[in-house]
S.K.: 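One structure coming up, written as structure tokens, with questions to follow.
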Amino acid sequence: MLDKNYQPQKFEGDVYRAWEDARAFAAGRGDRESARPFTIVIPPPNVTGSLHMGHALNNTLQDILVRFERMRGRDVLWQPGTDHAGIATQMVVERQLMERDEPNRRELGREKFIKRIWQWKEESGNTIVGQLKRLGASCDWSRLRFTMDEGLSRAVRKVFVELHRAGLIYKDKRLVNWDPELLTAISDLEVEQIETKGHLWHLRYPIEGMTFDPEDPATFIVVATTRPETMLGDSAVAVHPDDERYTHLVGKTVILPIVGRRIPIIADEYSDPEKGSGAVKITPAHDFNDFEVGRRHALPMINVLSKDARLSLQPNPEFTDGVDPSPQLKAMILEYNGVFRFAARKMIVDRLESEGLLEKIEPHVHVVPHGDRSGAVIEPFLTDQWYVDAATMAKPAIEAVRRGRTTFVPRNWESTYFHWMENIQPWCISRQLWWGHQIPAWYGPDGEIFVAEDGAAAKAAAKEHYGKDEPLKRDEDVLDTWFSSGLWPFSTLGWPDKTPEVARYYPTDVLVTGFDIIFFWIARMMMMGLHFMEEVPFRTVYIHALVRDEKGQKMSKSKGNVIDPLELIDTYGADALRFTLAAMAAQGRDVKLSGNRVEGYRNFATKLWNASRFAEMNDCVPRADFDPATARLTVNRWIAGEAERTAAAVTEALEAYRFNEAAGAIYHFIWHIYCDWFLELIKPVLMGDDAADKAETRAMAAFVLDHALKLLHPFMPFVTEELWAKRMPQGERRDCLLMLSEWPTHAGLQNAQADAEIGWLIKFVTEVRSVRAEMNVPAGAKVPLVIAGASDQTKARAAVHDETLKRLARIDTLDFGQTPPGSVQIVLDEATLAMPLAGVIDIGAESERLKREIDKIGSEIAQIDAKLANEKFVSRAPEHVVEEQRERKSEVEATAVKLDQALKRLEAL
RNA sequence: GGGCGGUUAGCUCAGCGGUAGAGCACUACGUUGACAUCGUAGGGGUCACUGGUUCGAUCCCAGUACCGCCCACCA
């Protein structure tokens with residue numbers, strides 16, 4: 001017996017356990033050995049993470065696909081796992097140490113700190129796995145992987161070594177995005193450009209050989225800068241070669257204020273005459289553009305900052321222009337060193353101002369790079385880092401998408417992918433962190449680098465190189481988290497071992513993810529997959545939207561507009577949340593989530609629950625020997641056809657990744673066809689006493705309900721599985737789980753005659769109800785009805801469905817004959833439905849109603865006439881469109897005639 | 001600066017070269033033998049604007065306005 005109410009909290013956990021107990025999620029099940037595999041790798045959530053709405057959407061869509069294909073008989077592998085998320089995780093544990101007043105990271109030391117993180121990971125690292133289970137995710141959990149598992153770490157080392165050997169990984173000294181708070185390099189992608197109100201300082205640099213006079217512009221050159229503190233590291237002033245204002249100065253030298261260093265005025269096209277003063281200071285060690293200018297002109301790169309963004313001036317020849325520092329300079333260095341960058345800015349501006357070297361300060365809006373994790377202003381910083389030659393590796397990855405070996409859905413994301421890949425920069429992969437894959441590179445005493453998969457191999461290589469054993473020191477840095485994520489589609493399958501899984505499940509079928517990680521992740525997987533597996537990692541990339549709040553804003557903790565999916569699951573059930581996300585996941589549009597939408601779909605689950613209760617109460621039990629194609633009753637033939645059409649629509653939509661259309665189709669079928677009409681139409685049969693009709697109808701009601709449960713299962717797995725089992729007469733689970741049952745693929749159940757007849761029936765009932773309501777006939781009142789002018793077909797139909805019509809339209813007697821005087825009249829095809837309600841209704845109102853109908857239909861006739869009178873329309877529009885209009889015209893005209901007659905009858909009273 | 005997307009009912013969104021749709025909200029009625037987490041009926045839209053293509057445009061094309069996102073850019 002089903003409970004009276006739908007209460008998802010009561011069974012979702014049990015249903016999930018039943019699936020797990022049956023090992024229903026496992027790939028390579030015995031019954032699917034010869035089946036085609038279907039593979040999805042999960043975008044691994046951070047171990048630190050807990051389920052947010054983005055995960056909920058992402059995993060719901062994957063689960064829908066996976067359940068759909070599993071029911072279609074494929075051998076499904078949905079490969080789960082989590083990501084070690086280098087910076088994020090390290091920060092979480094550091095924060096925890098701080099909160100607990102425990103020794104910090106540095107005090108602990110690397111080894112103990114890493115141990116601590118592992119400990120944390122064991123304790124609370126898998127909360128998100130439990131949360132994904134609550135969502136209903138049918139991953140093969142027995143294959144759960146973590147990016148820092150030994151196997152995956154081995155893959156990382158092998159990839160590093162091989163790419164290094166191929167010259168695709170190299171070490172280089174160049175500017176990186178340096179996070180002075182986290183004290184690590186980060187990649188371009190981890191930098192967020194934030195528009196900031198700042199200032200533009202115009203500085204006067206005195207020209208050598210002239211006596212500086214603030215009143216005489218000929219004695220100095222003005223440079224504009226947003227970062228005056230970096231002027232200590234200037235090594236040139238650049239002007240545009242064509243800028244006539246400055247031509248006479250090119251080749252001259254200026255004396256860098258405060259420092260006194262002599263630096264050249266150079267001509268370089270980088271300088272933009274429109275910007276600032278047209279002359280720009282060049283600080284190669286602290287600006288990406290200046291770095292390039294510096295390289296072109298072989299300028300010294302003078303670093304004036306420390307790793308934590310304090311002034312750090314070295315009185316070396318580079319800094320002092322080769323001369324011994326003066327006592328004043330020494331004093332200045334002492335004064336400035338250790339001053340934080342923004343404080344230094346003020347000190348320097350003040351000093352320049354006092355010396356008459358500050359021309360003006362303008363307010364200035366510009367974008368400033370910030371670290372996406374720390375929020376700190378990023379410092380371009382000159383360091384040694386490891387890089388991947390992304391430009392080379394991108395080439396096959398671009399080609400693969402161009403040739404359609406991997407396809408994006410929706411297609412337009414391909415241009416985003418191409419644009420980025422074609423302009424890709426060297427990828428900085430080293431991070432000055434402790435948590436992650438330590439770079440497999442060792443250094444000899446003379447700095448020689450030995451890249452090898454382990455220490456022993458490095459040692460051997462060193463021995464061969466030096467001719468004897470030398471002490472080696474391992475690179476302390478770790479790899480960018482995305483380096484290991486890039487291997488995910490094959491490292492999770494056991495690569496570099498030649499496992500059966502690699503052979504069977506790679507390449508994967510589809511990757512489901514948000515557009516925000518196209519660059520971070522998709523691009524890297526493409527590069528790595530093509531290089532190491534010589535095959536794309538996935539055939540299709542389905543890009544879904546971002547989930548926003550109901551006002552369309554991105555959810556964020558700071559805005560406080562975060563909707564917690566787990567709370568929605570608690571309140572409405574996982575199925576309601578899943579269905580909402582699927583129904584709103586139209587391609588190319590963000591998902592704006594509102595709570596009452598979820599509530600609406602919870603109500604849908606309730607509806608289904610109650611329909612199942614109805615089936616239960618009426619002994620509508622599936623019968624193994626029942627063949628829906630043999631149904632005799634029109635209503636049963638009709639519903640079978642509708643079920644078949646719906647299956648086709650859902651299937652087609654899912655194949656095209658149109659989740660919202662698939663969801664819409666099954667929703668409409670269950671609620672508005674099966675419940676609203678079919679169940680109402682069969683009540684008289686079920687209450688009646690024709691045993692054969694009853695048996696057929698029960699079997700059909702059960703068959704179609706099962707069919708609907710299957711179609712709905714990918715979207716609402718819990719309630720469908722529960723109903724599948726519980727509504728059986730024994731109240732016991734069948735040996736077969738719904739999730740492992742077969743997807744409906746019937747054909748030949750449609751029947752045009754049945755469709756027409758039930759269509760007529762529905763129109764009949766709807767029209768009568770509508771007119772009753774309009775005429776204020778009390779809802780409870782039963783009225784007589786006479787059908788005038790009925791054809792034989794109509795008479796037959798009315799006779800067969802006599803009880804149904806009476807029940808649904810609230811009619812007490814249903815006869816054929818002439819329209820009685822004083823009737824409310826409805827034109828239905830060739831017939832007129834008359835309800836003799838003289839005395840009950842207002843004749844005037846009825847006459848008004850008929851006139852409105854006549855007006856409406858008149859304007860439609862006019863519209864059609866205008867079209868048909870248009871010679872161009874008749875000659876140029878496709879034949880079937882013209883024919884359609886002609887047919888429509890004759891139908892509508894016939895109706896108009898009948899309406900006129902009806903009105904005349906009424907007025908004749 | 002480069003690119004992408006959006007503008008359809010009060011709200012959130014589908015859709016489409018030929019009668020404009022859903023959910024929620026709203027109004028009226030309703031304890032009809034699954035369901036008030038419901039049923040029946042109803043109101044509500046110049047499909048942002050301007051041109052063009054077409055027999056016909058909400059839909060295709062161009063432009064405009066507004067909104068949003070991505071990439072680039074510390075003068």
Side-chain angles (χ1 to χ4, degrees), chain A residues 2 4-6 193 196 198 200-203 223-227 230 238 270-272 274-282 286-290 364 366-369 377-378 380 412-413 415-416 419-420 423 515-516 518-519 546 548 550-554 572 580 583-584 586 588-594 596-597 599-618 660-661 664 667-668 675-676 679-680 683 686-687 766 769-774 776 778-780 782 807-808 810 860 863-864 867 870-878 881-882 884-885 888:
Chain A
L2 290 171
K4 179 148 170 44
N5 294 314
Y6 166 63
Q193 305 289 350
T196 311
L200 200 52
W201 285 270
H202 292 249
L203 314 180
V223 295
T225 179
T226 55
R227 297 210 52 193
T230 64
Y270 161 65
S271 180
D272 181 350
E274 303 292 314
K275 281 189 187 168
S277 63
V280 58
K281 70 191 210 47
I282 300 297
H286 294 288
D287 180 282
F288 286 99
N289 289 309
D290 293 7
H364 181 64
H366 60 147
V367 290
V368 179
V377 173
I378 291 305
N412 54 322
W413 289 108
S415 55
T416 304
H419 182 256
W420 190 71
N423 296 288
F515 59 80
D516 49 331
I518 289 179
F519 308 142
L546 244 49
R548 301 173 178 282
E550 39 204 322
K551 288 181 207 128
Q553 299 200 325
K554 210 167 167 173
Y572 300 113
T580 307
M584 303 196 70
R589 196 153 174 158
D590 288 342
V591 176
K592 284 183 208 156
L593 192 77
S594 70
N596 65 20
R597 192 81 190 238
E599 188 180 348
Y601 289 120
R602 188 276 316 269
N603 295 351
F604 172 57
T606 303
K607 189 76 182 174
L608 176 68
W609 187 268
N610 282 310
S612 303
R613 284 182 61 224
F614 175 83
E616 185 182 63
M617 290 172 193
N618 287 283
N660 58 317
E661 285 181 21
Y667 179 94
H668 179 251
C675 291
D676 284 356
L679 293 185
E680 295 304 326
K683 278 177 183 173
L686 296 177
M687 306 301 154
T766 309
R769 282 172 174 170
S770 173
V771 170
R772 287 176 58 122
E774 198 176 344
N776 292 315
K782 292 200 170 189
R807 181 188 151 78
L808 296 184
R810 313 241 64 187
E860 196 179 340
Q863 232 176 1
I864 297 173
K867 262 188 190 173
N870 182 346
E871 207 178 305
K872 285 181 176 170
F873 172 73
V874 178
S875 61
R876 297 199 197 178
V881 172
V882 178
E884 219 173 79
Q885 293 296 319
R888 178 79 189 141

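Every value quoted in this text rests on a predicted model; they were computed, and no experiment measured them. Each chain gets a letter, A, B and so on, in the order the sequences are listed, and its residues count up from 1.
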S.K.: Please report the distance separating the P of B:C59 from the corresponding atom of B:C47, rounded so that it comes out in whole Å.
M.R.: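 Roughly 9 Å separates the two P atoms.
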
S.K.: So, OP1 or OP2 of B:C35: does either fall under 4.0 Å of a side-chain N or O from A:K4?
M.R.: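 Looking at the OP1 and OP2 atoms of B:C35, one of them is under 4.0 Å from a side-chain N or O of A:K4.
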
S.K.: Do the rings of A:Y6 and A:W609 sit parallel, tilted or perpendicular, given the 30° and 60° boundaries?
M.R.: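 Correct class here is tilted.
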
S.K.: If you look at every strand shown and take non-hydrogen atoms under 4.0 Å, does A:S612 touch a base, only sugar-phosphate, or nothing?
M.R.: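 No contact.
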
S.K.: Under a 3.5 Å distance rule, please check whether A:S271 uses its side chain to pair with a backbone N or O of A:G278 as donor and acceptor.
M.R.: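 Side chain of A:S271 to backbone of A:G278: a pair is present.
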
S.K.: Applying a 4.0 Å non-hydrogen cut-off, can you work out what A:H668 is touching in the nucleic acid: base, sugar-phosphate, or nothing?
M.R.: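 Answer is nothing: A:H668 stays at 4.0 Å or more from every strand.
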
S.K.: Need one value for A:V367: base, sugar-phosphate or nothing, where a base atom within 4.0 Å counts as base even if backbone is also close, heavy atoms only.
M.R.: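 Since a base atom lies under 4.0 Å of A:V367, the category is base.
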
S.K.: Roughly, in whole Å, what's the span from CG in A:D516 to P in B:G5?
M.R.: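 The distance from CG of A:D516 to P of B:G5 comes to 18 Å, rounded to the nearest Å.
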
S.K.: When the P atoms of B:A25 and B:C11 are compared, how many Å lie between them, rounded to an integer?
M.R.: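 It comes out at 16 Å once rounded to the nearest Å.
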
S.K.: In whole angstroms, how far is the P atom of B:C73 from the OH atom of A:Y270?
M.R.: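 Whole-Å distance recorded here is 10 Å.
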
S.K.: Centre-to-centre under 6.0 Å for A:Y601 and A:Y667, is that the case here?
M.R.: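 Aromatic pair counts; centres sit under 6.0 Å.
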
S.K.: Taking only the C1' atom of each, what is the distance from B:U58 to B:G45 in whole angstrom?
M.R.: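 Per the computed distance, 11 Å lies between those C1' atoms.
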
S.K.: Indicate the atoms forming the closest heavy-atom contact of A:D287 with A:P380, along with that distance.
M.R.: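 A:D287 and A:P380 have their closest heavy atoms at N-CB, 4.1 Å.
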
S.K.: What does A:E860 touch in the nucleic acid at a heavy-atom separation under 4.0 angstrom: a base, only the sugar-phosphate, or nothing?
M.R.: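 Since a base atom lies under 4.0 Å of A:E860, the category is base.
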
S.K.: B:C47 pairs with which nucleotide, Watson-Crick or G-U wobble, both distances below 3.5 Å?
M.R.: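 Because no pair has both required distances under 3.5 Å, B:C47 counts as unpaired.
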
S.K.: Within this structure, what is the CG-to-P distance between A:N618 and B:C35, rounded to whole angstrom?
M.R.: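 Nearest whole value for this atom pair: 11 Å.
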
S.K.: Can you give me the N/O atom pairs linking the protein to nucleotides 52-56 of chain B at distances under 3.5 Å, or say none if there are none?
M.R.:
| residue | atom | partner | partner atom | Å |
| --- | --- | --- | --- | --- |
| B:C55 | OP1 | A:R876 | NE | 3.3 |
| B:C55 | OP1 | A:R876 | NH1 | 2.1 |
| B:C55 | OP2 | A:R876 | NH1 | 3.1 |
| B:C55 | O2' | A:N870 | ND2 | 3.0 |

S.K.: Considering only heavy atoms from C-beta outward, does the side chain of A:I518 approach that of A:W413 to under 4.5 Å?
M.R.: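 Side chain of A:I518 against side chain of A:W413, heavy atoms only: contact under 4.5 Å found.
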
S.K.: What contact category does A:L686 fall into here, base, sugar-phosphate, or nothing, at under 4.0 angstrom with non-hydrogen atoms?
M.R.: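 Here A:L686 touches no strand at all.
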
S.K.: Within this structure, what is the CG-to-P distance between A:D676 and B:A34, rounded to whole angstrom?
M.R.: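 Rounding to the nearest Å, CG of A:D676 and P of B:A34 are 14 Å apart.
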
S.K.: Minimum heavy-atom separation for A:L679 to A:A611, with atom names?
M.R.: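 Taking A:L679 first and A:A611 second, the nearest heavy atoms are CD1-CB, 4.0 Å.
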
S.K.: Does A:R769 get its side chain close enough to the base of B:U40, under 3.5 Å, for a donor-acceptor pair?
M.R.: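 Flag unset: no donor-acceptor pair detected.
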
S.K.: Can you tell me how far apart NZ (A:K782) and CZ (A:R807) are? Round to the nearest 0.5 Å.
M.R.: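 Rounded to the nearest 0.5 Å, the NZ-CZ separation comes to 9.0 Å.
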
S.K.: Can you check the distance between B:C4 and B:U19, where both ends of the measurement are the C1' atom (answer in whole Å)?
M.R.: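 That atom pair is separated by 35 Å.
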
S.K.: Take atom CZ of A:F604 and atom P of B:A22, then tell me their distance rounded to the nearest Å.
M.R.: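 Roughly 16 Å, once rounded to whole Å.
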
S.K.: How do A:N660 and A:A224 order along RNA chain B: which one's closest nucleotide is nearer the 5' end?
M.R.: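 Closest to the 5' end, via its nearest nucleotide, is A:N660.
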
S.K.: Sticking with atom P, work out how far B:U8 lies from B:G15, rounded to a whole angstrom.
M.R.: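 Looking at atom P only, B:U8 and B:G15 are 14 Å apart.
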
S.K.: What integer number of Å spans the P atoms of B:G21 and B:A9?
M.R.: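 Straight-line distance between the two P atoms is 14 Å.
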
S.K.: So A:R613, base contact, sugar-phosphate only, or nothing? Heavy-atom distance under 4.0 Å.
M.R.: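 Contact class for A:R613: sugar-phosphate only.
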
S.K.: Could you check which nucleotide pairs with B:G30 in any of the strands shown, counting Watson-Crick or G-U wobble with both distances under 3.5 Å?
M.R.: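 Partner of B:G30: B:C38.
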
S.K.: Work out how far the C1' atom of B:U7 is from that of B:U12, and round it to whole angstrom.
M.R.: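 Those two atoms are separated by 14 Å.
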
S.K.: May I ask you to say what A:R772 touches in the nucleic acid, namely base, sugar-phosphate or nothing, with a heavy-atom cut-off under 4.0 Å?
M.R.: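 Counting heavy atoms under 4.0 Å across all strands, no contact is made by A:R772.
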
S.K.: What is the separation between atom CZ on A:F519 and atom C1' on B:C70, rounded to the nearest whole Å?
M.R.: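 After rounding, the reported distance stands at 7 Å.
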
S.K.: Could you state the interatomic distance from CH2 (A:W201) to NZ (A:K281), rounded to the nearest 0.5 Å?
M.R.: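 Reported value, rounded in 0.5 Å steps: 11.5 Å.
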
S.K.: When rounded to the nearest 0.5 angstrom, what distance separates CD in A:E860 from CD1 in A:I864?
M.R.: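 If I round to the nearest 0.5 Å, the distance is 5.0 Å.
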
S.K.: With the criterion being N/O to N/O and under 3.5 Å, what pairs connect the protein with nucleotides 24-33 of chain B, and how long is each?
M.R.:
| residue | atom | partner | partner atom | Å |
| --- | --- | --- | --- | --- |
| B:C24 | O2' | A:N596 | ND2 | 2.9 |

S.K.: Measure the distance from CG on A:L608 to C1' on B:U37 and round it to the nearest whole Å.
M.R.: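 Taking CG of A:L608 and C1' of B:U37, I get 13 Å after rounding.
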
S.K.: Mind checking A:Q863 for me? I need base, sugar-phosphate or nothing, with any heavy atom below 4.0 Å counting as a touch.
M.R.: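 Here A:Q863 touches no strand at all.
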
S.K.: If pairing requires Watson-Crick or G-U wobble contacts with both distances under 3.5 Å, which nucleotide is the partner of B:G68?
M.R.: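 Paired with B:G68, as far as the under-3.5 Å criterion goes, is B:C4.
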
S.K.: Should A:Y572 and A:T580 be marked as a side-chain contact (heavy atoms from CB on, under 4.5 Å) after you check the CA-CA gap, both sets of side-chain angles, and the distance that decides it?
M.R.: CA-CA 11 Å; A:Y572 300 113; A:T580 307; over 6 Å; no

S.K.: When you compare B:C35 with B:G17, how far apart are their P atoms, in angstrom units rounded to a whole number?
M.R.: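 Approximately 43 Å lies between the P atom of B:C35 and that of B:G17.
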
S.K.: Within the 4.5 Å heavy-atom criterion, are A:L808 and A:R769 side-chain neighbours or not?
M.R.: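 With C-beta onward as the side chain, the pair touches.
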
S.K.: In whole angstroms, how far is the P atom of B:C38 from the CG atom of A:N610?
M.R.: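 Rounding to the nearest Å, CG of A:N610 and P of B:C38 are 10 Å apart.
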
S.K.: With nearest nucleotide decided by heavy atoms, which residue, A:N5 or A:D272, maps closer to the 5′ end of RNA chain B?
M.R.: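 In this pair, the answer is A:N5.
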
S.K.: Can you see which heavy atom on A:K607 is nearest to which on A:C675, and at what distance?
M.R.: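 Heavy-atom minimum between the residues: CE-CB, 3.7 Å.
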
S.K.: With both distances under 3.5 Å as the test, what is the Watson-Crick or G-U wobble partner of B:G10?
M.R.: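 With both distances under 3.5 Å, B:G10 matches B:C24.
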
